[in-house]
Amino acid sequence: MEGNTLMSRMNTLLIWITRLAYLNGLWLLFSLLGIVIIGFFPATVAMMTVCRKWLNGEEDFSIFKTFHVTYKTVLLHSNLIGWILVSVGAILYVDYLILAANIGKFSIVSISAFYLFLFFYLVTASHAFPLFIRYQGSVLTCIKNAFITGLLNIHFSIAIIISQSAFFYLMFSYPSTALFFLGSILSMIQIWLTDRSFLKIEKKVNKVIIAKS
């Protein structure tokens, strides 16, 4: 019995390793098909969509078909959200270089304001794509709600930032492993945490609705 249980667990582990590697391969392939600039963000949303299905207990679906259909559907909106975030991130990076090159010339208030804004940016980025997958909506509404949700559930936002940073560092310590699992496992972590963040908000909203009715 113990041998059968062990074999069953090993089989499940191998299935998940294969799934995650395959999904990561699709992510890389479709990112390259869009010359990265156009393909990266819809490929990322498609990957997160597949991860969300898995985490919701869905297994009997075509990974490729789901990925491909989602990729085409979100091509425009995902790029708009992604490039807004990239643009803001680029501005923050330039600001950081200016601060680093002029240490002592800026007041503690200016430096504090920069790091506070950086934190707000990371909080928003941590929830933006998962929120878009779950609720759709316009680009600006998605970014606004990602900011609000991320702040309301700040512990989830911090957990996402820390866990993904740690895994990113771990993967790039082993580049060959990153090639097969970086995107898919990061997506699983992010979707798992943000889904709990959204559920917590939904429960609070439902309680308010029930109390008012």
Side-chain angles (χ1 to χ4, degrees), residues 12 15-89 122-150 153 156-157 160-161 163-164 167-168 171 178-202:
T12 301
I15 288 172
W16 275 105
I17 289 172
T18 304
R19 283 176 177 173
L20 290 168
Y22 176 56
L23 181 59
N24 203 77
L26 288 177
W27 174 58
L28 293 173
L29 174 63
F30 277 78
S31 293
L32 292 173
L33 286 175
I35 322 174
V36 180
I37 294 173
I38 300 172
F40 177 78
F41 295 115
T44 299
V45 171
M47 176 171 58
M48 288 182 174
T49 300
V50 173
C51 288
R52 187 163 184 265
K53 282 180 172 289
W54 285 339
L55 290 169
N56 286 338
E58 297 181 49
E59 295 186 6
D60 189 21
F61 67 94
S62 170
I63 297 172
F64 181 84
K65 184 178 179 180
T66 301
F67 192 103
H68 185 230
V69 169
T70 304
Y71 182 91
K72 291 191 298 182
T73 303
V74 304
L75 186 64
L76 176 60
H77 281 79
S78 61
N79 270 301
L80 288 173
I81 294 169
W83 284 107
I84 287 172
L85 292 174
V86 167
S87 299
V88 175
L122 293 174
V123 164
T124 304
S126 71
H127 279 72
F129 282 128
L131 190 143
F132 174 67
I133 292 166
R134 191 178 180 98
Y135 302 110
Q136 297 300 312
S138 69
V139 172
L140 293 179
T141 298
C142 176
I143 293 174
K144 179 192 72 175
N145 289 341
F147 171 70
I148 294 170
T149 305
N153 287 327
F156 282 112
S157 301
I160 292 168
I161 294 167
S163 61
Q164 291 205 320
F167 186 77
F168 191 86
M171 283 289 97
L179 183 64
F180 292 99
F181 300 107
L182 178 65
S184 55
I185 293 182
L186 283 177
S187 292
M188 290 289 279
I189 293 170
Q190 190 168 0
I191 292 297
W192 189 82
L193 287 168
T194 50
D195 265 6
R196 275 141 190 80
S197 178
F198 299 143
L199 284 171
K200 189 174 180 181
I201 296 289
E202 288 171 4

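One is the number of the first residue; the rest follow in order along the sequence.
Residue Ile148 holds its CD1 atom at 9.5 Å from OG1 of Thr124, rounded to the nearest 0.5 Å. How far CG of Leu28 is from CG of Leu33: 11.0 Å, rounded to the nearest 0.5 Å. Note that the CZ atom of Phe180 and the OG1 atom of Thr18 stand 11.5 Å from one another [nearest 0.5 Å]. A distance of 10.0 Å separates CG in Leu131 from CD in Gln136, rounded to the nearest 0.5 Å. The line from CZ of Phe40 to OG of Ser78 is 10.5 Å long, rounded to the nearest 0.5 Å. Note that the NE2 atom of His68 and the OG atom of Ser62 stand 11.0 Å from one another [nearest 0.5 Å].
Sequence neighbours left out, the pairs with a member in residues 133-143 that pass salt bridge (charged side-chain N to carboxylate O under 4.0 Å, His left out) are Arg134-Asp195, Arg134-Glu202. Residues in residues 35-46 take part in these side chain to side chain donor-acceptor pair (under 3.5 Å) pairs, two or more places apart or across chains: Trp27-Thr44. Applying the salt bridge (charged side-chain N to carboxylate O under 4.0 Å, His left out) rule to pairs touching residues 59-70 yields Arg19-Glu59, sequence neighbours excluded. Applying the salt bridge (charged side-chain N to carboxylate O under 4.0 Å, His left out) rule to pairs touching residues 34-47 yields nothing, sequence neighbours excluded.
Listed here is the closest heavy atom pair of Val36 and Leu32: CG2-CD2, 4.0 Å. Between Met171 and Ala178 the shortest heavy-atom distance is O-CB, 3.6 Å. The shortest non-hydrogen separation linking Val139 to Ile81 is CG1-CG1, 3.7 Å. What you find for Phe67 and Ala46 is that their closest heavy atoms are O-CB, 3.5 Å. When all heavy atoms of Ser126 and Thr194 are compared, the closest pair comes out as O-CG2, 3.5 Å. Between Asn24 and Ser184 the shortest heavy-atom distance is OD1-N, 3.0 Å.
In this structure, the side chain of Thr66 does not engage the main chain of Ile63 through any donor-acceptor pair within 3.5 Å. A side-chain donor-acceptor contact under 3.5 Å links Ser157 to the backbone of Gly150. Using modelled atom types, one side-chain atom of Trp83 and one backbone atom of Ile37 make a donor-acceptor pair closer than 3.5 Å. Within the 3.5 Å criterion, the main-chain N or O of Ile160 finds a donor-acceptor partner in the side chain of Ser163.
Atom CZ of Phe147 is surrounded by more than 12 heavy atoms from other residues, nucleotides or ligands within 6.0 Å.
Taking Ile185 as the reference, Leu20, Phe167, Phe181, Ile189 meet the side chain to side chain contact (heavy atoms under 4.5 Å, CB included) condition, with sequence neighbours excluded. Ser197 meets the side chain to side chain donor-acceptor pair (under 3.5 Å) test with His127, Asn153; sequence neighbours excluded.
Ring pair Phe198/Tyr135 is perpendicular by interplanar angle, where above 60° counts as perpendicular and below 30° as parallel.
Inter-residue side-chain proximity for Leu80 and Phe41 is flagged as unmet; no heavy-atom pair is nearer than 4.5 Å. At least one side-chain heavy atom of Ile133 sits less than 4.5 Å from a side-chain heavy atom of Val45.
For the pair Lys200 and Phe156, the cation-pi criterion (under 6.0 Å, within 45° of the ring axis) is not fulfilled.
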Could you walk me through whether Trp54 and Trp192 satisfy the side-chain contact (heavy atoms from CB on, under 4.5 Å) test, starting with their C-alpha distance in whole Å, then the side-chain angles of each, then the deciding distance to 0.1 Å, before giving a yes or no?
CA-CA 10 Å; Trp54 285 339; Trp192 189 82; over 6 Å; no
For side-chain contact (heavy atoms from CB on, under 4.5 Å), just list the numbers for Asn79 and Ile38, CA-CA rounded to whole Å, side-chain angles, deciding distance to a tenth of an Å, and then say yes or no.
-> CA-CA 7 Å; Asn79 270 301; Ile38 300 172; 3.9 Å; yes
Exercise. Please report the C-alpha distance between Met188 and Leu55 in whole Å, then the side-chain angles of each, then the deciding distance to 0.1 Å, and finally whether the side-chain contact (heavy atoms from CB on, under 4.5 Å) criterion is met.
Key: CA-CA 8 Å; Met188 290 289 279; Leu55 290 169; 3.9 Å; yes
| Criterion side-chain contact (heavy atoms from CB on, under 4.5 Å) on Thr70 and Val50, from CA distance to verdict | CA-CA 9 Å; Thr70 304; Val50 173; over 6 Å; no
